[in-house]
Protein chains: 2
Amino acid sequence: MPKKYKLPAGTIRTTSLDVAALAGVSQSAVSRAFTPGASISPTTRDKVLDAARKLNYVPNSIASSLITHRSNIVALILGDLHNPFYTHVLEAFGREVQARDRQLLVFTLNDEQETDDAIMRLLRYQVDGVILTSAQMSTQMVGMCQNRGIPLVLFNRYIPQSGTFGVRCDNAWGGRQIAEAFLRAGAKSFAMITGDPKGTTSKDRVAGFVERLIESGVSRASIRSYEGDSTYEGASDAVQRMMADPEGLPDALFGINDTMAMGAMDTLRHQFGLSIPEDIMVAGFDDIPEGARLPYQLTTVRQPINRMVRATIDHLSLDGPAQSTDLPHDLPIRGRVVWRSTVPGDPPAEV
Amino acid sequence: MPKKYKLPAGTIRTTSLDVAALAGVSQSAVSRAFTPGASISPTTRDKVLDAARKLNYVPNSIASSLITHRSNIVALILGDLHNPFYTHVLEAFGREVQARDRQLLVFTLNDEQETDDAIMRLLRYQVDGVILTSAQMSTQMVGMCQNRGIPLVLFNRYIPQSGTFGVRCDNAWGGRQIAEAFLRAGAKSFAMITGDPKGTTSKDRVAGFVERLIESGVSRASIRSYEGDSTYEGASDAVQRMMADPEGLPDALFGINDTMAMGAMDTLRHQFGLSIPEDIMVAGFDDIPEGARLPYQLTTVRQPINRMVRATIDHLSLDGPAQSTDLPHDLPIRGRVVWRSTVPGDPPAEV
DNA sequence: CTGAAAGCGCTTACAG
DNA sequence: CTGAAAGCGCTTACAG
C-alpha cells in the first residue's frame, strides 16, 4: 500500500495504527493509553505501552492539537534580551511552562513595532496563550487574540483601557523606596537615568521616585533626568551628559534598571574617577545577580520574578476554563529593597 | 449545524471554508491563495485575500503541518542561560530562524541529564530540526531523531562517533592564541580556570592552550588548572583555591570563558587587591560584550556567532532535501583574537 | 486555473 | 472497558 503523500526519503513514521496492530488492539485503545484519565484497563494499557516502546512510538501532538484545539504551546514575546533581567524571566517561564507539559514558542523582536507582526505569526501556530514582555501592541491585535479565545497576559507592562491583563512589579512603590533611601542618606540633589519613555515600567518608577521626593520637600529643579535607552551603553552616554551639565554632580543617581545603574557606575568611576557612594550614591532596580557582584554591590529593588511569572501563567488558565474578565486588569506585585553598599547608611523604613 | 467537538465558549474560529463561502470560491482556492507558488489566478487570489481580511482569517498551521509533515518549528535546547554568550546565541538563532518563516520552540534545561527528556518531548511536536547547545545526549536519542528524519545539529560541541553533525568554534586554535599572547607578554607560569569537564568546548580550549605552551618549552608543572563550573561564581571560588596554593601567584590566568575570566578579575582585584595586568595577566574566550566594558577590557577570542549560527541553520536544510551524510561531521570555525588590555604588550602573530 | 475528494494522525461521542 | 467511525482544518494529486 503506497503512501499517497510524499515523506522525506528514508524516514520511518510510526503511527498509533502501527502500535495498535502490534498490540492487537484498536487504534482508539492506543490513543486512550496515552491520554491521562482515559477509560482503559491496565492490561490493555500495558500491552499498548509495550508495543509503543518496541516501535519507538511517540504520539503526534500536531494531530491531537488539530482535534483538541490545544497546541500545548505558549508564545513568549521577548524584546530586550540584552538585559539580564529578561534572561531570568525567560528561564522562569521555561521552567514553569515545562512543568505544565507545555513548551515556549519564542518570538524575539528586533525592532520596536514588530509586536503586531509577531502576533500575526503566532496566531498561525494556534498557541494556547501569549505572554508579551515587549513594547506596545495595537488594540486590533488584542482583538485578534480575544476573538480566538487566546489568553494574553502582559508581563511588566500594561496598556490602559485595552481590556488586557497585566502582571507587573509595583514599580511606583519601588521608586518611592529608592527615593526614601537616598533622602535618609542625606541626598539633596538627584538625577535619574530613564528607560524607554513609552514603556510604563520606566514611567512608573520615575513617578514613584519623584513623588516621594516632592512629598519630602525636594524641589523639582533639583531632580534631573537623562534618557538611558534601558541599556548599559545608553546609561554611560547619559552620565556623559550629566557630567557636562553646569548644575554639577548630583548627590544621588537612580538608574531605572540595574543594567543602567551598572553602566553609570562604571562610567562615573573609570572615566570620571569618582567614588561610590562617597562622591555620588547610586541605586538601581530589578536585582539582577550581576548587580550583587563585588565591583557593584548595588542597592536596588528586587522584582519578585517567580511570583510574577506564576501569576502570569495562572492567568493563562492553561488547564480549565478561561479566567473571568471581571478580574482587575492589572496586578502589581510588590518587591523589596535589597540593601547593599552604593547608598550609605542603614536601610530606611518602607514608605 | 451544531459543532460536534466542543470549542471554548465565545470563541470564533474562522476556517478556510468560511473564507471560501464569502469569496465564492472553493476551499482549495483559499488554500492556494495562501500557498506561495501555487497555481491560482491573480483575480481569484485577490478575492480570497479580501474575504480573508474581512474575516480576520489566519491559516491554521497545525492543520497544514499534519499533511505537509512540516511544522515550521525548530527546537532549540539551551543549557547555560546564565552565560551571556548563550543569550546572544538565542538572539542570533531567533533572528535567522524567523527570517526563514519558522519559529523557535525553546527547551530550557535545569539539570544536566535532561537532554534526553527534552528530545522525547520535542519529538511530539514534530519539529523540523533540532539545535542542541547543551550537554550530552544518548546515542539512542540521536537514533530517534535520525529515524524520523529530523535533522540534528550540535552547536559548539560534538559527540565523537555518534554520526551527529556539529558546528563549533575552533576552540583548540583559540586556546593556542591565548597561550601565544601570554608567552609574548613574558609569562612563565600559568593557570587555567576550566568549565564543564565533560564538555568538548572546555577540553579543546585547554588542549590548545597547553599544547602551545609545551611546544614553547614550558613545563607541565608550571601550568595549573582549577575547575570553575563555567560560571562567574565558580571562577571566583577557583581563584580562592588558586590563591591558597603554595605555588603562589601565576603570571597568567586563562579563563576558559569570558564570564569566568570576569569573575576571576573581580575576585583578584577586590578580594586580593591585585592589579591586572601588572600583578597577573588574564584572558578569556567568547568575546561577550560585557568583557569589553570599562572595568574589564578583557583580551579574548571572539566566537564568530553569526557564521556559526548560519552554518547550523544551513545544515538543518529547512528547505530542500536533507544534507547528505557524507559531509564532515564536525565543522570548526575559526574566530579571531580580540586584543584589549588584560594582557600587556602588542598582539602576537597567529600560531 | 479550478473544484471535488482523499487523507494527514489523532480524539471522542456513540453504541455496545 | 472497547471498537468503528466521524471529523479537526488543511494540502494536493486528479480530472477537468
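All of these numbers come straight from a predicted model, not from anything done at the bench. We name chains A, B, ... by the order of the sequence lines, and we start the count at 1 in each one.
- One finds a side-chain N or O of Ser16(A) lying less than 4.0 angstrom from the OP1 or OP2 phosphate oxygen of dC10(C).
- Between Arg53(A) and Asp50(A) there is a salt bridge, since a side-chain N of the basic residue sits under 4.0 Å from a carboxylate O of the acidic one.
- Rounded to a whole Å, the CD1 atom of Ile62(B) is 11 Å from the C1' atom of dC8(D).
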Practice task
Using Watson-Crick or G-U wobble pairs with both distances under 3.5 Å, give me DNA chain D in dot-bracket, 5' to 3', with [ ] for crossers and | for pairs to another strand.
Solution key: |||.||||||||.|||
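- The Ser64(A) side chain lies nearest to dC10(C) when the options are dC10(D), dC10(C), dC1(C).
- A side-chain N or O of Gln27(A) and one of Ser16(A) form a donor-acceptor pair less than 3.5 Å apart.
- Among the atoms of the strands shown, base atoms are found under 4.0 Å from some heavy atom of Ser28(B).
- Asp116(B) and Ser138(B) are linked by a side-chain donor-acceptor pair at a separation below 3.5 angstrom, with hydrogens and angles left out of the test.
- Between dG16(D) and dT12(D), the two C1' atoms lie 16 Å apart (nearest whole Å).
- Side-chain contact check for Met144(B) versus Met120(B): some heavy-atom pair is nearer than 4.5 Å.
- Protein atom CZ of Arg32(A) is 12 Å distant from nucleotide atom C1' of dA5(D), rounded to whole Å.
- Looking only at distances, a side-chain donor or acceptor of Asn60(B) sits under 3.5 Å from a matching main-chain atom of Ala63(B).
- Residue-level contact check: Ser65(B) touches neither bases nor backbone, having no heavy atom under 4.0 Å from any strand.
- Distance Phe34(B) CZ to dG9(D) P: 16 Å, rounded to the nearest Å.
- What separates CG of Asp18(A) from P of dC10(C) is a distance of 9 Å, to the nearest Å.
- Both Arg45(B) and Leu66(B) sit near DNA chain C, but only Arg45(B) has its closest nucleotide nearer the 5' end.
- For residues 88-100 of chain B, the side chain to side chain donor-acceptor pair (under 3.5 Å) pairs, not counting sequence neighbours, are His82(A)-His88(B), His82(A)-Glu91(B), Thr108(A)-Gln98(B), Glu96(B)-Arg100(B), Gln98(B)-Gln103(B).
- Distances from the side chain of Ser26(A) to the nucleotides dT2(C), dC1(D), dA4(D) place dA4(D) closest.
- In this entry the distance linking CZ of Arg13(A) with C1' of dG7(C) reads 15 Å, nearest Å.
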Exercise for the section: Could you give me the CA-CA distance, side-chain angles and deciding distance for Ser28(B) and Ser31(B), then say whether side chain to side chain donor-acceptor pair (under 3.5 Å) is met? Expected result: CA-CA 5 Å; Ser28(B) 323; Ser31(B) 175; over 6 Å; no
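- Side-chain proximity of His69(B) to the nucleotides dC10(C), dG9(D), dC8(C) is greatest for dC8(C).
- Taking side-chain N and O atoms only, Ser39(A) has a distance below 4.0 Å to OP1 or OP2 of dC1(D).
- With distances taken from any side-chain atom of Ser31(A) to the nucleotides dC10(D), dC1(D), dC10(C), the minimum falls on dC10(C).
- Within 4.0 Å of Thr44(A), counting heavy atoms only, lie sugar-phosphate atoms of the nucleic acid but no base atom.
- The residue among Ile40(A) and Asn60(B) whose nearest nucleotide of DNA chain D is located toward the 5' end is Ile40(A).
- Not one side-chain nitrogen or oxygen of Tyr57(A) sits closer than 4.0 Å to the OP1 or OP2 atom of dG9(C).
- Using a 4.0 Å cut-off between charged side-chain N and carboxylate O, Asp314(A) and Arg310(A) make no salt bridge.
- As a whole-Å value, the separation of Leu17(B) CG from dC8(D) P is 9 Å.
- In this structure, CG of Asp46(A) is placed 15 Å from C1' of dC1(D), rounded to the nearest angstrom.
- dC10(C) atom C1' lies 15 Å from atom OH of Tyr125(B), rounded to whole Å.
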